[in-house]
Amino acid sequence: MRLTHILRETVSQVQKLIKDDLKILKVDKYVLNVRAGSGGLGYDGVGGDGGSVFFIAKPTLAFPDIKKRLKNRLKICADHGEASTKTSLIGQHAKSQYFDVPVGIEVVNKNNNTLIARCSKPFHRYLIARGGEGGCAKTGYKGVKGEHFDIEVHLKLRPNLGLLGFPNAGKSTLLQALVPQKSIKIADYAFTTIHPQIAFWKNKTDEMGDEKSDEPSFTLSIADLPGIIEGASMNRGRGYTFLKHLEHADVIAMVVDCQGFQLKNELDCPFRSPLESIALLNREVELYDQKLARKPVICVLNKIDKLNDEEKKKIDKLSVSLLSDEWVSSVPKNMRPTTIMSFENVVQLSAKSGKIERFEEILTSMRSRLHAIRDVREHCREERTAVKRNI
């Protein structure tokens with residue numbers, strides 16, 4: 001597959017951010033201890049202010065560089081302000097501590113789980129911990145302590161399409177069918193995917209190189225996430241914290257096994273039908289974040305090739321019902337979600353066979369809803385059209 005200049009830049013940015021040639025995200029969170037400086041004693045004067053801690057977003061940094069640059073100490077401290085003296089009634093302010101971080105990270109106060117900063121603007125300075133005020137009459141000449149707490153530094157992917165589903169539903173197989181040249185681990189057991197991974201899919205018009213085609217060339221980023229299971233919100237399986245990588249996704253593709261799902265053949269792991277699987281996935285997503293459940297969703301009913309004629313009729317009926325909110329009425333009450341996902345498209349396919357043309361058509365039709373990466377050739381065509389109009 002030919003990579004355009006814009007696509008090369010995007011792939012390079014992802015590889016640079018996660019520092020992995022296979023675009024597998026192995027680390028997406030660090031816990032750091034930050035301490036701003038305290039204000040200096042005032043005595044009969046004014047103490048110097050303590051230094052604050054700032055993050056500066058740098059587009060050239062990778063997420064693993066955070067730990068490397070801190071030399072595994074994972075602690076950032078600013079200096080204290082100087083106390084006033086008899087010969088210097090105004091204490092000197094301490095210098096603030098500036099620490100470079102990758103663009104796009106989010107900083108959360110671990111103690112109260114509140115967002116401190118979303119470092120989305122390159123070279124912008126973000127206040128993380130404020131230094132204490134120097135001692136003065138207002139403070140009884142005592143220096144105010146600087147802020148001191150633990151923070152969580154999160155890397156969140158921003159894919160056009162995020163793949164969601166139970167283990168072994170065929171998410172990685174679908175990704176392999178979309179991007180055959182990508183090296184993807186696929187096996188017939190649960191939790192094959194243990195880390196989120198990114199791939200780039202290009203529409204076929206571009207591959208054909210048809211300059212006369214009206215269909216523009218574009219590329220979509222796709223995130224394949226580890227499978228979640230029933231009870232993930234209660235930390236079963238691998239939990240559901242990696243759902244954070246869907247927060248900025250344009251569209252979610254819910255991949256469901258047409259045969260149903262059972263994690264293992266044990267009493268505490270009951271068999272779930274395709275409809276029950278959809279409802280339980282919906283419920284786990286809303287327990288993580290109700291906003292996530294309101295995103296546009298494509299339901300992918302996978303492994304259709306393994307069904308007999310009677311089973312296919314049931315899946316056909318399910319496909320129709322999913323296009324309205326009435327599908328939830330057929331779900332047992334103890335499994336019903338509160339925030340019902342709205343399925344904009346439902347597609348039946350066999351990812352293993354590679355016959356996913358209908359799914360690719362849906363992605364192409366939804367291009368206006370996706371922040372696609374545009375091919376340089378499309379820009380050239382638009383520029384030529386604009387010149388002709390001006391002439």
Side-chain angles (χ1 to χ4, degrees), residues 9-10 12-20 23 25-36 51-70 74-76 78 96-131 146-162 164 195-196 198 221-223 225 239-252 285-296 369-373:
E9 288 296 311
T10 305
S12 175
Q13 287 171 6
V14 172
Q15 288 177 336
K16 190 180 294 180
L17 183 61
I18 65 180
K19 230 172 189 177
D20 189 279
K23 297 181 278 296
L25 182 59
K26 296 177 181 177
V27 179
D28 61 6
K29 184 182 79 170
Y30 288 120
V31 177
L32 311 182
N33 181 264
V34 293
R35 189 197 70 192
S52 298
V53 176
F54 290 91
F55 282 180
I56 300 177
K58 293 291 183 70
T60 55
L61 286 179
F63 192 71
D65 289 340
I66 293 176
K67 186 175 181 179
K68 183 179 178 181
R69 293 179 64 246
L70 290 173
L74 301 182
K75 190 172 184 178
I76 304 173
S96 291
Q97 181 72 264
Y98 297 93
F99 185 73
D100 294 343
V101 296
V103 171
I105 67 163
E106 293 186 0
V107 184
V108 176
N109 186 320
K110 190 171 185 262
N111 300 334
N112 55 24
N113 201 35
T114 56
L115 180 68
I116 296 174
R118 184 174 286 119
C119 305
S120 55
K121 296 181 181 179
F123 307 106
H124 190 78
R125 187 175 66 179
Y126 296 89
L127 175 64
I128 304 301
R130 189 182 299 277
E147 293 180 327
H148 181 195
F149 44 77
D150 289 336
I151 60 171
E152 292 180 346
V153 181
H154 290 271
L155 171 61
K156 295 183 179 180
L157 298 174
R158 286 165 165 74
N160 297 121
L161 182 70
L164 167 73
H195 299 294
I198 284 283
S221 58
I222 304 172
L225 304 184
Y240 68 172
T241 55
F242 50 80
L243 289 180
K244 68 182 182 180
H245 297 298
L246 295 180
E247 290 180 21
H248 302 290
D250 296 326
V251 175
I252 295 173
V285 167
E286 74 171 352
L287 286 172
Y288 174 80
D289 187 350
Q290 288 188 355
K291 292 179 182 177
L292 211 58
R294 298 190 184 100
K295 282 183 175 286
R369 304 278 300 276
L370 304 167
H371 298 87
I373 308 161

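In this text, all values refer to a predicted model and were calculated from it rather than measured experimentally.
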Might you point out which heavy atoms bring [X] and [Y] nearest each other, and give the distance in Å?
X: L61; Y: R69; result: CD2-CD, 4.4 Å
X: F123; Y: P59; result: CZ-CD, 3.8 Å
X: P196; Y: H245; result: CG-CD2, 3.7 Å
X: E286; Y: A293; result: CB-CB, 4.2 Å
X: Y126; Y: S120; result: OH-N, 3.2 Å
X: A249; Y: K295; result: O-NZ, 2.6 Å

In Å and rounded to the nearest 0.5 Å, what is the [atom1] to [atom2] distance from [X] to [Y]?
X: Q97; Y: R35; atom1: CD; atom2: CZ; result: 10.5 Å
X: K29; Y: E106; atom1: NZ; atom2: CD; result: 13.5 Å
X: N111; Y: H148; atom1: CG; atom2: NE2; result: 9.5 Å
X: N33; Y: L74; atom1: CG; atom2: CG; result: 9.5 Å
X: E152; Y: L32; atom1: CD; atom2: CG; result: 10.0 Å
X: I151; Y: L115; atom1: CD1; atom2: CG; result: 11.5 Å

Evaluate the side-chain proximity of [Y] to [X]: yes if any heavy-atom separation is below 4.5 Å, no if none is.
X: L70; Y: I76; result: yes
X: P296; Y: D250; result: no
X: P102; Y: L155; result: no
X: N113; Y: V108; result: yes
X: F149; Y: I116; result: yes
X: P159; Y: I222; result: no

Quiz item: Checking R125 against Y98: charged group under 6.0 Å from the ring centre and within 45 degrees of the axis?
Solution: no

Quiz prompt | Candidates L292, L225, I252 - the one meeting side-chain contact (heavy atoms from CB on, under 4.5 Å) with L164 | solution = I252

Quiz prompt | Pairing residues for K244 by the salt bridge (Lys or Arg N to Asp or Glu O under 4.0 Å) criterion, not counting sequence neighbours | solution = D28

Exercise. Classify the angle between the aromatic ring planes of F55 and F99 as parallel (below 30°), tilted (30 to 60°) or perpendicular (above 60°).
Key: tilted

